Amino acid sequence: MRMVDLIIKKREGQELTDEEIRFWISGYVKGEIPDYQSSAMQMAIVFQGMNNREIATLTDAMLHSGETLDLSMLKGVKVDKHSTGGVGDKTSLVLGPMVAACGATLAKMSGRGLGHTGGTLDKLESIPGVTIAISGDRFVNQVNEIGCAIVGQTGSLVPADKKMYALRDVTGTVESIPLIAASVMSKKLASGSDAILLDVTVGEGAFMKNVEQARKLAHIMVDIGKRLNRNTKAVLSNMSEPLGKAVGNSLEVKEAIDALQGHGPEDLMELCYSAGAIMLEQANCYKTIKEARAALEEVIRNGQAFDRFVKMVKAQGGDIEYILHPEKFEMAKVILPIYADEAGYVKELNALTIGVSSMKLGGGRETLDDVIDMSAGIVLNKKVGDQVAKGELLATLYTNKPASVYEPIAEEVKNTFVICQEKVEHQPVILEVIE
Ligand code: URA
């Protein structure tokens, strides 16, 4: 079998056999198939797609490319959650401690930023001292004691995804239903949880630009999970505008701290309550969604969710002084406010523009080796549906880049606020639940 023949086959829109898919993945992981051939195959898949059988085989080949975790020594039903990526998506940082405080067990492997989207690991690492690389034993102990841990994918777990994910990020091959489904589900299945909630983001700031595509991706992933006896559900969530107000690593951690202390932005809290209630029901902690939601609201009110977050950060080596006093986070040198030129209502706010702008300000990676500036990003003061007065603050940019970089970005950010005269409704955050 020759890899080049398989690339041509897929390029011409033909189906790959199970054997051919396994040949590609095992050869790539062993280093026998080079990056450039794997990239070409991924690009062929972006254009030609895969059928459900091919996606299931690709997921299985990736899942078995390394070790899988056995979480049976952990108490209770283990729940996991995964977002397909977005702008300002700090949900896991808030939701993990919330569901843990309500009695669920969350053993979560997260990822890094991909394309214009941020990654939970990068956000967590903006807290000085935090490590996301902890040993299996320490991971199990932490989850047993605190109820939650958010760590990086170890080298031995789904190595195929580790290599492919990094390659896709820099070869324009992220936006593909088969590749996203296999990437997400191979990781979720390998990391051993009993129940999985998938947050499939939809809109300009997500990889799925419309509800039809997102629904298709969600159904494929839910089917893969169910076939392997995992209680798998999905929510479709709105990512046409950023989630919450902060975009950028330490800025988002500060917003997550606010949220855990009961001062979170409405859309972020709604997603956490709705998704969290489904997770608690999946984990058999509560019989109804209504009871689960009430419990989540209570752990925010009584400070127990915040307390779990503090414990999780401490267990992972973080300096909790930054959590207790978020003003300690290092500030970017340039803080640039952007004001409205006209009065009206915000009609549109393009999440992709905000995500790319935050990345260019230093908050994300443009190439594999880029080092992220944890203090860089954007804080929005207005979101879709908000009323704006002339001269009012729309957003603030945070960066350490020179004026030649941030001035054009400031212009782009200002222009992405589309202001109209008619009243505009606030956007719903959960669009659909798929079971
Ligand atoms: N999240 C993942 O884990 N993989 C993808 O391909 C996209 C989002």
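Each ligand, and each atom within it, is numbered from 1 in the order the structure gives. The first residue in the sequence is number 1, and the count goes up from there. Since this is a predicted model, take the numbers as computed values, not measurements.
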For the residue pair I257 and F306, establish whether any side-chain heavy-atom pair is separated by less than 4.5 Å. yes

Measure the distance from atom 8 (C) of ligand 1 to every protein heavy atom, then report the residue, atom name and distance (to 0.1 Å) of the closest one. T84 O, 3.5 Å

Among all protein heavy atoms, pick out the one at the shortest distance from atom 1 (N) of ligand 1; state its residue, atom name and that distance to 0.1 Å. H82 NE2, 3.5 Å

With heavy atoms of R168 as the reference, note each atom of ligand 1 found under 4.0 Å away. 5 (C), 6 (O)

Checking side-chain polar atoms at under 3.5 Å, does S250 have a donor or acceptor matched by the opposite partner on S375? no

What protein heavy atom sits nearest atom 3 (O) of ligand 1, and how far away is it? K187 NZ, 2.6 Å

So the side chain to side chain donor-acceptor pair (under 3.5 Å) pairs with at least one residue in residues 133-144 (sequence neighbours excluded) are Q142-Q316

Cation-aromatic face contact K382/F417, 6.0 Å, 45 degrees: no

Check: of S110, A206, S183, min heavy-atom distance to atom 4 (N) of ligand 1 comes from S183

How long is the span from the NZ atom in K187 to the CE atom in M62, to the nearest 0.5 Å? 7.0 Å

State the atoms of ligand 1, each with its element, that fall below the 4.0 Å cut-off from a heavy-atom position in V184. 1 (N), 2 (C), 3 (O), 4 (N)

